[in-house]
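Reviewing the structure listed below.
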Amino acid sequence: LESVASNVQYSPSGDWIAVSDEKQVWLLNKNQIATQSGIVQGPPILSFDAFIEEIIVSPDSKWIGVTTDEGEVVLYNVAARSKRTVEKFENVPAIVFSSDSTRLITGDFDGYVQAWDVTNGELLLDLLSNETEIMSLASAADQLAVGLQDKLLILDVQTGDTIAVIDSPGDHQLMAFSQGGSLLAANNTSGQIYIWQKQGDVFYLLRNIPSEQATSMIFNPHGDRLLVGALNNVFVIDPFTGGEITRIRHKDTVSGMSY
């Protein structure tokens with residue numbers, strides 16, 4: 001890499017890794033990550049004039065989504081090795097793939113949540129509009145969680161119908177669903193982590209955990225561990241008891257994690 005690696009994402013299939021520095025993205029197979037000198041081999045699959053903000057991988061490992069600091073949203077087809085610009089927003093949007101990998105969901109500063117067809121980049125529908133700033137998105141099964149100021153909305157990802165409204169104080173910059181969507185975790189800038197458990201269409205608060213300021217968050221595939229990235233640590237938490245199981249020491253801020 002020509003600069004610091006800002007994003008690293010394993011494909012859910014486990015066959016390759018997407019890694020970016022400030023303005024480029026590489027796709028590496030699991031046996032060809034790097035040389036001993038730490039220099040990535042091969043040309044990048046994507047290059048940008050703007051700085052890369054985030055990269056995400058679809059659940060079926062066929063698509064990569066990228067946002068830049070100039071509000072550009074790009075889809076990359078892994079098999080075809082082709083890219084498409086979906087939209088350019090005034091501000092950097094939140095992005096997430098639907099659980100069936102057919103849609104890329106965006107949430108922007110103006111309060112719009114939109115679903116885009118990954119095959120052609122066309123807008124399918126507005127899932128939400130005229131709300132406050134969209135701070136974060138998370139997806140599992142047919143559910144879409146939308147992080148807003150002082151509340152979360154749970155929407156049907158196909159129709160935009162509201163499934164649940166969760167009142168929760170603060171600005172929710174991070175959210176994560178467990179696989180299957182039975183657990184939902186969110187943080188706020190006051191250092192609180194909230195965990196809800198779904199029963200039917202109702203989300204019950206399971207735990208409220210004081211924590212260091214989280215910078216990344218993910219459930220393990222079994223849904224029995226919540227990993228919270230922070231400055232110099234990854235905290236491994238039992239979501240059902242709220243207890244810390246262990247912590248993984250890390251140099252600097254843990255800006256992202258991937259299984």
Side-chain angles (χ1 to χ4, degrees), residues 54 56 58-60 63 65 67 71 73 75 86-87 89-119 121-190 192-209 214 217-219 223 226 239-240:
E54 183 180 15
I56 61 172
S58 64
D60 64 3
W63 302 91
T67 60
V73 177
L75 269 171
V86 174
E87 185 62 280
F89 296 86
E90 291 185 8
N91 297 280
V92 181
I95 58 171
V96 71
F97 284 103
S98 60
S99 60
D100 64 2
S101 301
T102 63
R103 301 179 177 204
L104 179 69
I105 313 298
T106 60
D108 64 29
F109 185 83
D110 294 323
Y112 288 91
V113 178
Q114 297 173 303
W116 308 81
D117 189 325
V118 297
T119 59
E122 293 184 358
L123 178 64
L124 293 172
L125 78 159
D126 292 330
L127 294 167
L128 184 69
S129 61
N130 299 322
E131 279 283 351
T132 58
E133 176 189 355
I134 308 301
M135 298 180 177
S136 56
L137 298 171
S139 167
D142 285 331
Q143 305 169 123
L144 176 70
V146 181
L148 305 169
Q149 182 71 39
D150 295 327
K151 68 178 177 179
L152 309 178
L153 297 181
I154 311 299
L155 307 179
D156 185 308
V157 75
Q158 301 296 328
T159 65
D161 293 340
T162 300
I163 298 172
V165 179
I166 303 173
D167 292 321
S168 177
D171 50 346
H172 303 92
Q173 301 289 342
L174 295 171
M175 291 192 299
F177 269 118
S178 63
Q179 199 166 32
S182 62
L183 296 176
L184 172 64
N187 84 318
N188 61 30
T189 50
S190 298
Q192 300 290 314
I193 295 175
Y194 300 91
I195 302 173
W196 294 271
Q197 186 170 29
K198 184 184 180 186
Q199 297 179 14
D201 286 337
V202 179
F203 286 80
Y204 295 95
L205 182 62
L206 189 63
R207 294 291 168 189
N208 177 2
I209 307 167
M217 186 184 301
I218 189 174
F219 280 97
L226 176 66
F240 297 99

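Computed over heavy atoms, backbone and side chain alike; hydrogens, waters and symmetry mates excluded.
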Worked verdict on L174 versus I193 for side chain to side chain contact (heavy atoms under 4.5 Å, CB included)
CA-CA 9 Å; L174 295 171; I193 295 175; over 6 Å; no
Run the side chain to side chain contact (heavy atoms under 4.5 Å, CB included) check on Q114 and E87 step by step: do they pass?
CA-CA 11 Å; Q114 297 173 303; E87 185 62 280; 5.7 Å; no
Chi angles and distances behind the side chain to side chain contact (heavy atoms under 4.5 Å, CB included) call for K198, L184:
CA-CA 8 Å; K198 184 184 180 186; L184 172 64; over 6 Å; no
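Remark: L148 CG to L128 CG distance equals 7.0 Å, nearest 0.5 Å. In this structure, CD1 on I166 lies 11.5 Å from NZ on K151, to the nearest 0.5 angstrom. Atoms CG and CE, on L152 and M175 in that order, are 6.0 Å from each other to the nearest 0.5 Å. Atom CD1 of I95 sits about 5.0 Å away from atom OG1 of T67, to the nearest 0.5 Å.
With hydrogens and angles ignored, the 3.5 Å screen pairs no side-chain donor or acceptor of S139 with any backbone N or O of V96. For the pair D171 (side chain) and N188 (backbone), a donor-acceptor distance under 3.5 Å is absent. In this structure, R103 contributes its side chain and L124 its backbone to no donor-acceptor pair below 3.5 Å. Of the possible polar contacts, none joining the D126 side chain to the Y112 backbone as a donor-acceptor pair under 3.5 Å is found.
Side-chain contact, W116 with T106: a donor N or O sits under 3.5 Å from an acceptor N or O.
Contact record, S98 with T102: OG-N, 3.5 Å, taken as the closest heavy-atom pair. The two residues S136 and A94 come nearest to each other via the heavy atoms CA-CB, 4.2 Å.
Between F177 and F203, the ring-plane angle classifies as tilted under the 30° and 60° cut-offs.
Counting heavy atoms from C-beta outward, L183 and R207 have side chains that stay 4.5 Å or more apart. Taking 4.5 Å as the limit, some side-chain heavy atom of L104 sits within range of a side-chain heavy atom of F97. Side-chain contact check for V73 versus P93: some heavy-atom pair is nearer than 4.5 Å. Between L137 and V146, some side-chain heavy-atom pair lies under the 4.5 Å cut-off.
Heavy atoms of other residues, nucleotides or ligands lying less than 6.0 angstrom from CD of E90 number 12 at most. In this structure, Q192 places its CD atom where more than 12 heavy-atom neighbours from other residues, nucleotides or ligands lie under 6.0 Å away.
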